[in-house]
Trainee: 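Mind looking over this structure? Questions follow.
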Amino acid sequence: MTTRREFLQAAGVAATLGVVPWPACAAADWKRLLILVELKGGNDGLNTVVPFANAAYARLRPRIGMARDAVLQLDAGTGLHPSLAPLMPLWQGEELAVVQSVGYPQPNLSHFRSIEIWDTASKSDQYLREGWLARAFAAEAPPRRFVADGVVIGAADLGPLTGARAVAMTGPDQFQRLARLAQAHEALQATSGRSVNPALQHLLAIEGDVASAAVRISAAPVLRTAFPAGAFGDAVKSACEVAGGGRGVAALRLSLSGFDTHHNQSNTHANLLRQLAEGLVALRAGLTELGRWNDTLVMTYAEFGRRPRENQSGGTDHGTAAPHFVLGGCVRGGLYGEVPKLDRLDGNGNLPFSIDYRSLYATVLEKWWGVSANAVLGGKFAAMDWVRG
Amino acid sequence: MFRPLLAGLAGSLAFVSIAIAAPMGLDDARHLLNRTGFGAPPRQVAEFARFSREQAVDRLLASARTTPVAPPPSLDYIRPNRLKDLSEEDKKAFLRAEFEKGAELRAWWLQEMLQSPSPLTERMTLFWHNHFVSSQQKVKAQRLMVEQNLLLRRYALGNFGELLHAVSKDPAMLIYLDNANSRRGQPNENFAREVMELFTLGEGHYGEQDIKEAARAFTGWSFEPETGDFRWRPMIHDAEPKSVLGQRGNFDGDDVLDILLQQPAAAEFIVGKLWREFVSPTPEAGEVKRIAVTFRDSRYELRPVLRALLLSPAFWARENRGVLVKSPVDLVVGSLRTLEVPVPDALPLAFAVRNLGQDLFAPPNVKGWPGGEAWINSTTLLGRKQFVERLLRNDDFVTPPVRADGIGMSYEEGVQKNRMRVKELREEFGKGAGRLDGDARLRMVRALDGLRFDSRRWLAQFPDDAAVARALLAVPAVDPPAAGTQGIALVRALALDPAYQLR
């Protein structure tokens, strides 16, 4: 696979102009797709984006630390886990942004509670029921003709799409097959003196979403791209099939599970990162084949990172701030945020954050889709600079 | 001035007491049996229709059990960290065996729900399982989960105070909420927090300091890893004075539980939860308070509380019919009981309810299954309809199981057919079902084949279509079947209506 840079160099463009023209990045609107990739369990950020030159890193991780000559260098002090090698062409093509030290104040170390915080864009002591994307779509709705506002591939739990016009599926063909069981019904009318049964109303709303998605979803397009074997590869394939279907969708969510590496993490983590990298590269290839790479933004997220000091079992316990990846044809690649401050660990031995996760969401809302963010996020969070055009 | 008021009051009280004393009729009988059990066969509904509400409720409470009809699978206790000693090969085999044992355990409980002469007992056992949560995912030893299940059933309709004391020392609970290793000087707060927040009082009725102090009192309640039995460890118990909820003393765990039971909030908390289980998603504050008084006055006996709830006006009110969403267990077990489908082997049901979001013995977290509308999302709704449709298909919906032995068909054909079954199984019953090995898979397929609904015999019990609809649905169908729809098509149309998802 050639990077954009190599292609343009081969075409002689870069050499003559001394400038590398970027693809025309579409205006911010609903033509643009967001694909969220959840790293379930809490990815060990410190071994993913490695501060290999920091002596504290080696001290904190005598057994499981990544060796200096094993990492893929991004700059003088930061390198990627070797399993992420498939992503290097994207890094070189400046399509991969690495946002470091993403977290939030008063971090919660419970899987259940912390992912709820990320999904609902709440404060640490605030309990919200709707996903942040549901709030965004309620404020400004994507086109009605879309299959749904959001589609979750794989898991049944809607996460950030909770409360939105969204459906979960393993893939469009399977969904079409099952969804024939769903029917749209007339909305319930309150009869005199009696309020409408809320449970029944909920049922009708859900069935309505499924029926409307079933009508709008097309058969999966046939793709030439080869997708990796395994659950994540299947999910990536389904994501491409949904993205390539005619009617459109605003957001997709995929999950990769297994990141809660409390024991003997080295092989497990390497394996997971390999699946992630191969999956993301296949996702790029599939979307490129569909002509959608330049209007898609892919972003990872997780409930938390992991503790800098390794534990007694060759693994790591629950942590706080962690790096996340943003990729796309119209993403401005590079390193963002601050390197992990291993000398400023909190009372639990955990890292401080430098970028509030809601800044990532603000960037998606304001710069990617061109919708307003403050009401959705319950406050002003500075949008970042990794969206081109 | 008061006379007309009193007359009116007497009149309405008389009306209410007449309602309680008169034969309740089919609709009320269906409502009572579906709310207290899992569905109900038409002949049982007809039987109860002749009773008054009071008679029916008393009958249900009198027939409550404390033991299961069928004994649970006999499981050896396996100590924690057993896996550490095993090779990779042995580890795989061990985990596979555990997986199959887990399926057997779930199948046993589902069969109990299907067969028990007191479904109310099983509903209450499940209610307590979702209240005093422990999960096999963390506890691991299946034997301990069985013991806890038997304990919950023993006290299910007994005394809440005794239940609280007993389950707090239950080994599965000690492991699940980390009390087994809680020791003087390093008390673990998990159990102390959850016993107040989730088991007795609810948030707002205690402070962080109460939790810290209570945690000290619970130290010493541990278990013996070699046998799985409860073990009192005085050496790690903190016997110093503690202050909990305004009282001070050298409290031990039992003392703290008694202090919690003294709080007025406890009775109201439990009654509120029972309301959401039996009556509606929105408890009426006045009624909860009234019934909580009964609870406290009876010193936490559960039967009087259930009696008060099930005879309350709110339970029978028209606006509270069909306002509860069926849980996966309600849907699966309830459908089979109502439609009188014999179930010789409940193994597929274990996977079915798990696939719909209710993995028995493994609630998702210490708060349990949230229930209500949370049971319904786009995936589970389709799964629920798919289950119903499978049950009500006209023809032989499954390719008969094959032994790929070359007899009757070629070996290749047999393998191909079985490969399709795995895919079918995985799609309809979740990833777990696809993991079953040869014999277990064959058993699963055979068990599925065995679930046959005899539509003709079942429908013969009803005088007309309206009666069929009233038997199946708690509220009128959203899309009533077209006139002339008959036989199994009628049943299918009603069971696929959104109203069927409610009880």
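All chains are named by letter (A, B, ...) in the order of the sequence lines, taking the proteins before the strands, and each is independently numbered beginning at 1.
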Trainee: Let me know if B:V478 has heavy atoms under 4.5 Å from chain A in its side chain, its backbone, both or neither.
Mentor: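 The side chain, not the backbone.
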Trainee: Counting only non-hydrogen atoms closer than 4.5 Å, does B:N377 touch chain A with its backbone (N, CA, C, O), its side chain (CB onward), both, or neither?
Mentor: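 For B:N377, the contact with chain A is made by backbone and side chain together.
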Trainee: If you count heavy-atom pairs within less than 4.5 Å of chain A, which of B:L324, B:V323, B:V475 leads?
Mentor: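 Answer, by heavy-atom pair count under 4.5 Å with chain A: B:V323.
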Trainee: Need one label for B:E373: side chain, backbone, both or neither, based on atoms under 4.5 Å from any heavy atom in chain A.
Mentor: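 Its backbone and side chain both get close to chain A.
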Trainee: With chain B, which of A:M169, A:H111, A:Q183, A:R180 has the greatest number of heavy-atom pairs at distances under 4.5 Å?
Mentor: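 Maximum pair count with chain B is reached by A:R180.
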Trainee: What part of A:L181 gets within 4.5 angstrom of chain B, counting heavy atoms only: side chain, backbone, both, or neither?
Mentor: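 When you check distances to chain B, atoms from both the backbone and side chain of A:L181 fall under 4.5 Å.
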Trainee: Could you give me the CA-CA distance, side-chain angles and deciding distance for A:R165 and A:D209, then say whether salt bridge (charged side-chain N to carboxylate O under 4.0 Å, His left out) is met?
Mentor: CA-CA 6 Å; A:R165 181 172 75 107; A:D209 286 348; 5.6 Å; no
Trainee: Could you look at A:V167 and say if it's the side chain, the backbone, both or neither that has a heavy atom under 4.5 Å from chain B?
Mentor: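 Both parts, backbone and side chain.
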Trainee: So what's closer than 4.5 Å to chain A heavy atoms on B:L381: side chain, backbone, both or neither?
Mentor: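 Answer is side chain: those atoms of B:L381 sit under 4.5 Å from chain A.
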Trainee: A:W132 side chain to A:P160 main-chain N or O, any donor-acceptor pair under 3.5 Å?
Mentor: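 The answer is no, because no donor-acceptor pair under 3.5 Å joins these two groups.
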Trainee: Return yes if some donor-acceptor pair links the side-chain N/O of A:R216 with the main-chain N/O of A:S212 below 3.5 Å, else return no.
Mentor: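 Answer holds: yes.
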Trainee: Report the C-alpha separation of A:T268 and A:N271 in whole Å, then their side-chain angles, then the decisive distance to 0.1 Å, and conclude whether the side chain to side chain donor-acceptor pair (under 3.5 Å) test is met.
Mentor: CA-CA 5 Å; A:T268 308; A:N271 197 8; over 6 Å; no
Trainee: Does this structure show an ion pair linking B:E277 with B:K273, if we count only N-O contacts that are shorter than 4.0 Å?
Mentor: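 Salt bridge between B:E277 and B:K273, a charged N being under 4.0 Å from a carboxylate O: no.
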Trainee: Using a cut-off of under 4.5 Å on heavy-atom pairs, state which of B:N320, B:V325, B:T282, B:N365 scores highest against chain A.
Mentor: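 Going by pairs under 4.5 Å, I would pick B:N365.
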Trainee: Considering only heavy atoms and a distance below 4.5 Å, find which of A:N197, A:V210, A:V152 pairs most often with chain B.
Mentor: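 Most pairs with chain B among the choices: A:N197.
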Trainee: When you measure from the centre of the six-membered ring of B:Y500, is the NZ or CZ of B:K326 under 6.0 Å away and within 45° of the axis?
Mentor: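 Yes.
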Trainee: May I ask you to say whether B:K212 pairs ionically with B:E189, meaning some side-chain N is under 4.0 Å from a carboxylate O?
Mentor: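 Counted as a salt bridge, because a side-chain N and a carboxylate O are separated by less than 4.0 Å.
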